[in-house]
> 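Let me begin by handing over the structure; questions about it come next.
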Amino acid sequence: MTNNKTILAWIDEMKALVNPDQIVWIDGSEEQLEALRKEACESGEMIKLNQEKLPGCYYHRTAPNDVARVEDRTLICSRKEEDAGPTNHWKDPQEAYKMLYDIARGSYKGRTMYVIPYSMGPVGSPLAKIGVELTDSIYVVLNMSIMTRVGQKVMDVLGDSNDWVRGLHCKCDVDPEKRWICQFPEDNTIISVNSAYGGNVLLGKKCFALRIASYQAKNEGWMAEHMLILGVENPKGEVKYVCAAFPSACGKTNLAMMIPPEGYKAKGYKVWTVGDDIAWMRKGEDGRLYAINPENGFFGVAPGTNMKSNPNALISTQKGTIFTNVARNLDDNTVWWESLDKNPPVNAEEWKGAKVNGPEYIAEGNKLAHPNSRFTAPTANCPCLSSEFENPKGVPVSAIIFGGRRPDTVPLVYQSRSWNNGVFIGSITGSETTAAAAGAVGVVRRDPMAMLPFCGYHMGDYFKHWIEMGEVLGDKAPKIFNVNWFRVDEDGHFIWPGFGDNLRVLEWILKRCDGEVDAVETAIGYVPKAEDINLEGLDFSVETLKSILAVDNAKWAKEATGVEEFYKKFGDKLPAELRAELEGLKSRVNA
Ligand SMILES: Nc1nc2c(ncn2[C@@H]2O[C@H](COP(=O)(O)OP(=O)(O)OP(=O)(O)O)[C@@H](O)[C@H]2O)c(=O)[nH]1
Ligand SMILES: O=C([O-])CC(=O)C(=O)O
Ligand SMILES: [Mn+2]
């Protein structure tokens, strides 16, 4: 498939290490993928689902100890420890290679090495980048061929270039004690061992498109962010694009595919999805910031997805999709997860594979699907996929939105006072932890720009890079906002209806970008006047709206103290601009 000497030499080296019985190059053809699906079903690695109801869909189950990303076993292996920074786990590259090679050695014996050439971004786009993943898992091959563009065409574009990212995945025996997800940013290399969970092994996604790419982006003057990209079309037919960074399982897929409320639909509003998880952004010829989605599929959270909450996501999963760790309905060989509908299958197989009576099992307090069960669906299935999805130049970004799960303190929406103030707001993002990563759920932690688990270098330098991008973009920079869909009442219920109704907030955001609406200046930034959020057709009182737009200076004084504590980690790597923003916030909330 290629004469590229750097690729051939690396594959020879890896082959000598892992010792496969044979090597198969993934050419991207449907025949080859179909043969692999058949093989995976014969070995039991995958189950073919009901082909009338779910054509081209398959089911897979991971080991019960291997169901989410493992942040404490994810390492940044830069030569200097300081370059990984205080928010990453670090290991010396020489020691890491030795440890990983000892684990990987001979691990493909009796198995096949699949070579997957893939492009992150439209093949040949000036914003795209290329990787090669080696894996011994057909499941990984099939997922990568949904999530990225794979095959011969990628090699053709790469030619002899050495600008590609090396990725070695060894499933081994999925031993959690020997599980390591290692990035070597200075070597453009990723090694992942002893896992088969998507976020750890689909190396194009978090490992390349965020951890390695964020480092490349800093050095090359662009941005790699954990952001959805969506277009809002107004009744005049104009489309404006926004990017939003929320931590894992905090609503990116849902916002990216939202259905406008009835009243908005009637007026002609439409929402178009460009991406649901990752954005690569660069300054364009006209000086504005342009974004592409480097992915070609959605690796989405299944539980909670239904025809009411997110029909576009659900429809995206109805063909050519791989389901992982959801439950199976054994009567008709389809899938089920919590809140898909009100009828859990009686004749069910829960996510670990035990046969159970669904309703009884749930009544006993169990879940049929794992909370982080996922679907891998082709973007092409999405009914609201943007016509710009394949545009090699990307889409111009009007607004950047940060957000997280905050039961109190943070208002529904506010606008930053300036670019640097917006960077400050992104840097102090807090959110309750979710099932997307192993560990406790529901604990508020700081997750700057939703990049805490994904920034491939020193977070202080990353903040500085954001400040510098603002200088480069000048008055053409997107406006920066923060949202919080997750304020709760005394009974712990979400106050704001969220989902499609979030368009009401996006409308205000876009009006602010165009200078069409006023706002109230508060200690933290600009908050909407309650009458400027359209509540038409919604059973929601202005009083309640006011309660979730309110800024409580006493709470924010506490927040500022928490930020001050958090910022200590960065020492003198904390940009002076952010220090000044914190001082500004403190003086305003205490005024
Ligand atoms: N209350 C409320 N919940 C929401 C909203 N949007 C999403 N959620 C819930 O948040 C959870 C995760 O949503 P996703 O859209 O899959 O999150 P994500 O950010 O794409 O997650 P990753 O794929 O892990 O990066 C689901 O359980 C949703 O039901 C909202 O507007 N309000
Ligand atoms: O990487 C994963 O496993 C899924 C994901 O999008 C996230 O956790 O943000
Ligand atoms: Mn994500």
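Just so it is clear, the values below take in all heavy atoms, side chains as well, and ignore hydrogens, waters and symmetry mates. None of these values were measured; they are calculated from a predicted model. If you read the sequence from its start, that first residue is 1, and numbering goes on from there. Counting starts at 1 for both ligands and their atoms, in listed order.
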> What is the nearest protein non-hydrogen atom to atom 5 (C) of ligand 2, stated with its residue, atom name and distance?
Lys206 NZ, 2.9 Å
> Nearest protein heavy-atom contact for atom 17 (O) of ligand 1: which residue, which atom, what distance?
Gly251 N, 2.9 Å
> Quick one: look at Ser248 and ligand 1, take heavy-atom pairs under 4.0 Å, and tell me if it's side chain, backbone, both or neither.
both
> Keeping the roles fixed (side chain from His169, backbone from Ser195), state whether a donor-acceptor pair exists under 3.5 Å.
yes
> Classify the ring geometry of Trp337 against Phe375: parallel below 30°, tilted from 30° to 60°, perpendicular beyond 60°.
tilted
> Take the angle between the ring planes of Tyr457 and Tyr462 and call it parallel below 30°, perpendicular above 60°, tilted in between.
perpendicular
> How far is atom 30 (C) of ligand 1 from its nearest protein heavy atom, and which residue and atom name does that atom have?
Phe499 N, 3.7 Å
> Between Tyr197, Tyr139, Trp351, Phe323, which is the residue that forms a ring pair (Phe, Tyr, Trp, His ring centres under 6.0 Å) with His60?
Tyr139
> Give the name of the N/O/S atom in Asp277 that lies closest to the Mn ion (ligand 3).
OD1
> Does either side chain, that of Glu507 or that of Tyr264, offer a donor lying less than 3.5 Å from an acceptor on the other one?
yes
> I need the minimum non-hydrogen distance between Leu230 and Ala256, along with the two atoms involved.
CD2-CA, 3.8 Å
> For Phe208, is the NZ or CZ atom of Lys129 found under 6.0 angstrom from the centre of its six-membered ring and inside 45 degrees of the ring axis?
no
> Run the numbers for me: atoms of ligand 2, each under 4.0 Å from some heavy atom of Lys205, listed by number.
6 (O)
> For the pair Glu71 and Arg69, find out whether any cationic side-chain nitrogen is under 4.0 Å from an anionic carboxylate oxygen.
yes
> Check ligand 1 against Val301 and write out every atom of the ligand that is under 4.0 Å from a heavy-atom position of the residue.
16 (O)
> Checking contacts here: is it the side chain or the backbone of Phe486 that comes within 4.0 Å of ligand 1, counting heavy atoms only? Could be both or neither.
side chain
> Heavy-atom count check: over 12 atoms from other residues, nucleotides or ligands less than 6.0 Å from Asp491 CG?
yes
> Do other residues, nucleotides or ligands put more than 12 heavy atoms under 6.0 Å from Lys352 NZ?
yes
> Any idea which protein heavy atom is nearest atom 27 (O) of ligand 1, and the distance to it?
Pro303 O, 4.0 Å
> Nearest 0.5 angstrom please: Met144 CE to Thr376 OG1, how far?
11.5 Å
> Looking at side-chain heavy atoms only, is the closest gap between Trp336 and Leu368 below 4.5 Å?
yes
> Which residue and atom name correspond to the protein heavy atom nearest atom 28 (C) of ligand 1, and how close is it?
Asn254 ND2, 3.7 Å
> Measure the CD1-CD1 distance between Ile190 and Ile181 for me, rounded to the nearest 0.5 Å.
10.5 Å
> Do His89 and Ile76 have side chains that get closer than 4.5 Å, going by heavy atoms?
no
> Of the backbone and side-chain N, O or S atoms of Lys252, does one lie nearer to the Mn ion (ligand 3) than 2.8 Å?
no
> Which ligand 2 atoms are under 4.0 Å away from a heavy-atom of Asp277?
6 (O)
> Which bit of Leu255 is near ligand 1, meaning a heavy atom under 4.0 Å away: side chain, backbone, both or neither?
neither
> How does Arg405 reach ligand 1, by side chain, by backbone, by both or by neither, if only non-hydrogen atoms under 4.0 Å count?
side chain
> Test of understanding: given a 4.0 Å heavy-atom threshold, classify the contact between Ser309 and ligand 1 as side chain, backbone, both, or neither.
neither
> Mind checking whether Leu510 and Val242 have side chains closer than 4.5 Å, heavy atoms only?
yes
> With nothing but distance in play, are any N or O atoms of Gly300 less than 3.5 Å from an N or O of ligand 1?
no
> For ligand 1, note which part of Arg374 has a heavy atom under 4.0 Å away: side chain, backbone, both or neither.
side chain
> Answer with side chain, backbone, both or neither: which part of Phe494 has a heavy atom less than 4.0 angstrom from an atom of ligand 1?
side chain
> Would you mind running through ligand 1 and noting each atom that sits below 4.0 Å from a heavy atom of His226?
25 (O)
> Tell me which one of Pro371, Ala249, Ala450 gets a heavy atom nearest to atom 22 (P) of ligand 1.
Ala249
> Could you pull out, from His226, Glu295, Arg374, Glu71, the option with a heavy atom nearest to atom 4 (C) of ligand 2?
Arg374
> Which part of Asp277 is near ligand 1, with near meaning a heavy atom under 4.0 Å away: side chain, backbone, both or neither?
side chain
> With a 4.5 Å cut-off on side-chain heavy atoms, are Ile212 and Cys207 touching?
no
> Near Gly199, which atoms of ligand 2 are under 4.0 Å from a heavy atom of that residue?
1 (O), 2 (C), 3 (O)
> Note the single closest protein heavy atom to atom 3 (O) of ligand 2, along with its residue, its atom name and the distance in Å.
Tyr197 OH, 2.7 Å
> Are the side chain of Ser309 and the backbone of Gly304 linked by a donor-acceptor contact shorter than 3.5 Å?
yes
> Identify the protein heavy atom lying closest to atom 25 (O) of ligand 1, giving its residue, its atom name and the separation to 0.1 Å.
Lys252 NZ, 2.8 Å
> For ligand 1, is Pro247 a contact, meaning one of its heavy atoms is under 4.0 Å away?
yes
> Which atoms of ligand 2 have any heavy atom of Ser248 under 4.0 Å away?
7 (C), 8 (O), 9 (O)
> Is Lys252 near ligand 2, meaning one of its heavy atoms is under 4.0 Å from it?
no
> Could you tell me which atoms of ligand 2, counted from 1 in the order shown, lie closer than 4.0 angstrom to a heavy atom of Ala436?
8 (O)
